[in-house]
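A short write-up of the structure that comes next.
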Amino acid sequence: MESKTTTNNNSKEKKNKRKEKLEKQKLIHQIIKAASAPDIDYLSFFHPFRQFNRNGLSVYLDSGRGDNLPSPTKQYIQNLLKLNMEGPFGSEWAVEEKVKRREMVVPDARYIFVHERITSVDGETSHCKEKTGPMVGFVHYRFTVEEEEVPVLYVYEIQLESRVHGKGLGKFLMQLLELIARKSGMSAVVLTVQKANVSAMNFYTTKLRYLISSISPSRVNPLTKAEASYEILCKTFDDEAKTALEVKLKLPLQIFGMPQASITGMLFLSFSISFSLRDSF
């Protein structure tokens, strides 16, 4: 009788947990849907970030959506992507370029376009006039869910022309994205970086303090980390996101019949050998 009661209680507890999980997922879906509403211009909430005037660079920011891109803008995005990313992707670029062309025009794609500001002097009045000039970069981001229960702002692209590098613009744009993430109810900012893009990796991890996420290939299974050409980085804003995206280390319980303790010992030995070899040079 006691065994039957225990079984019933366990069954009820599992049912309640499933119900709670479904309700939470429904709530998160509503948050994502609200954040992705096409009529929201997030730049309107952050007027100081509409313009960037530092280090001899003056630009103006504007918003856009993937399903409403003019043909010249599409062409600009494609050209800048190829210019900046063909090198880091190497032989993978031919396939990746097709993927990015599909990604750029989906309705959920949100854009921030960076336009150069041109100052001219009126010959009659001697007054300075400013007008919006050509694009010098763009940001592509979306609102999505990671690990089933964490709403995030995912940075698909942040691409700038080389002539505006080193001005602080990249950091400025990432700060803006973090503000947008918080404003829209997201729990983290997530992005992907090619390992070959060493300068970008250093930029995010050193200057902006992003961490390699627990969902990145090198963290999911450290034994096969050399197989993936990219890392997933994140910055979390609450404890739940921190637990899901930063803390947990996903290791298989068994590899080739080995218990978890043996795997941990093997990893420790591997890392120790690696550091010893490095220090010997």
Side-chain angles (χ1 to χ4, degrees), residues 9-38 40 42 65-67 96 99-100 102-110 139-158 174 177-195 204-205 208-225 227-255 260 263-264 267:
N9 288 338
N10 290 339
S11 178
K12 186 176 181 180
E13 186 178 349
K14 289 180 180 179
K15 186 177 180 180
N16 288 336
K17 285 184 177 180
R18 283 197 299 269
K19 184 179 179 181
E20 289 176 4
K21 185 175 182 178
L22 289 173
E23 288 177 349
K24 186 175 182 179
Q25 288 176 341
K26 183 178 179 180
L27 177 61
I28 292 172
H29 176 74
Q30 291 172 346
I31 292 173
I32 296 296
K33 184 177 180 180
S36 303
I40 300 179
Y42 284 99
R65 299 197 320 268
D67 58 351
E96 190 64 27
V99 174
K100 290 183 177 295
R102 291 194 297 269
E103 290 176 343
M104 63 183 275
V105 294
V106 300
D108 290 339
R110 307 295 294 251
V139 178
H140 168 194
Y141 68 96
R142 300 188 203 178
F143 301 106
T144 186
V145 179
E146 289 292 344
E147 297 298 271
E148 297 184 351
E149 296 183 348
V150 183
V152 307
L153 184 155
Y154 207 113
V155 185
Y156 273 65
E157 306 288 349
I158 176 167
M174 288 302 300
L177 289 171
E178 290 171 16
L179 289 173
I180 292 173
R182 291 178 181 274
K183 177 69 177 179
S184 57
M186 301 298 109
S187 296
V189 174
V190 180
L191 53 92
T192 302
V193 181
Q194 289 296 114
K195 290 179 180 179
Y204 290 116
T205 58
L208 301 183
R209 299 184 181 277
Y210 276 68
L211 301 176
I212 296 177
S213 174
S214 59
I215 64 175
S216 190
S218 67
R219 294 293 190 263
V220 172
N221 190 350
L223 295 180
T224 61
K225 64 181 180 180
E227 296 179 5
S229 61
Y230 64 91
E231 295 282 11
I232 297 174
L233 309 184
C234 69
K235 180 180 284 188
T236 59
F237 307 137
D238 58 51
D239 290 340
E240 189 169 357
K242 184 180 181 68
T243 300
L245 300 177
E246 291 184 17
V247 177
K248 63 183 179 180
L249 181 62
K250 296 181 178 179
L251 282 174
L253 293 179
Q254 289 188 334
I255 299 178
Q260 183 69 46
I263 297 170
T264 304
L267 286 175

Any [X] side-chain heavy atom under 4.5 Å of [Y] side chain:
{"X": "K235", "Y": "M174", "value": "no"}
{"X": "I32", "Y": "T144", "value": "no"}
{"X": "Y210", "Y": "V189", "value": "yes"}

Qualifying residue, where the test is side chain to side chain contact (heavy atoms under 4.5 Å, CB included) with K100 and the options are R102, E103, M104: E103
By the definition side chain to side chain contact (heavy atoms under 4.5 Å, CB included), identify the one residue from E178, M186, R110 that meets it with L153. M186
When you measure from the side chain of [X] to the backbone of [Y], do you find a donor-acceptor pair of N or O atoms at a distance under 3.5 Å?
{"X": "S214", "Y": "A244", "result": "yes"}
{"X": "Y204", "Y": "I212", "result": "no"}
{"X": "S213", "Y": "L245", "result": "yes"}
{"X": "S184", "Y": "A181", "result": "yes"}

Could you tell me whether K17 and E13 make a salt bridge, using a distance below 4.0 angstrom between a side-chain N and a carboxylate O? yes
How about D239: does its CG atom have over 12 heavy atoms from other parts shown lying under 6.0 Å from it? no
Give a yes or no on this: more than 12 heavy atoms of other residues, nucleotides or ligands lie within 6.0 Å of atom OH of Y230.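 Counting neighbours around OH of Y230, 12 or fewer heavy atoms of other residues, nucleotides or ligands fall under 6.0 Å, so no.
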Separation between [atom1] of [X] and [atom2] of [Y], rounded to the nearest 0.5 Å:
{"X": "L22", "Y": "L27", "atom1": "CG", "atom2": "CG", "answer": "12.5 Å"}
{"X": "R219", "Y": "I232", "atom1": "CZ", "atom2": "CD1", "answer": "11.5 Å"}
{"X": "I158", "Y": "L177", "atom1": "CD1", "atom2": "CG", "answer": "6.0 Å"}
{"X": "E23", "Y": "I28", "atom1": "CD", "atom2": "CD1", "answer": "12.0 Å"}

Test ring pair (Phe, Tyr, Trp, His ring centres under 6.0 Å) on Y42 and Y141 and set out the steps. CA-CA 12 Å; Y42 284 99; Y141 68 96; 7.0 Å; no
Tell me the closest heavy-atom pair linking [X] and [Y], and the distance in Å.
{"X": "S218", "Y": "E231", "result": "OG-OE1, 2.7 Å"}
{"X": "F143", "Y": "A35", "result": "CE1-O, 3.3 Å"}
{"X": "A188", "Y": "F237", "result": "N-CD1, 3.7 Å"}

Side chain to side chain contact (heavy atoms under 4.5 Å, CB included) partners for D108, two or more places apart: R142
With sequence neighbours left out, write down each residue that passes salt bridge (charged side-chain N to carboxylate O under 4.0 Å, His left out) with D238, or none if nothing qualifies.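 Partners of D238 under the salt bridge (charged side-chain N to carboxylate O under 4.0 Å, His left out) test: none.
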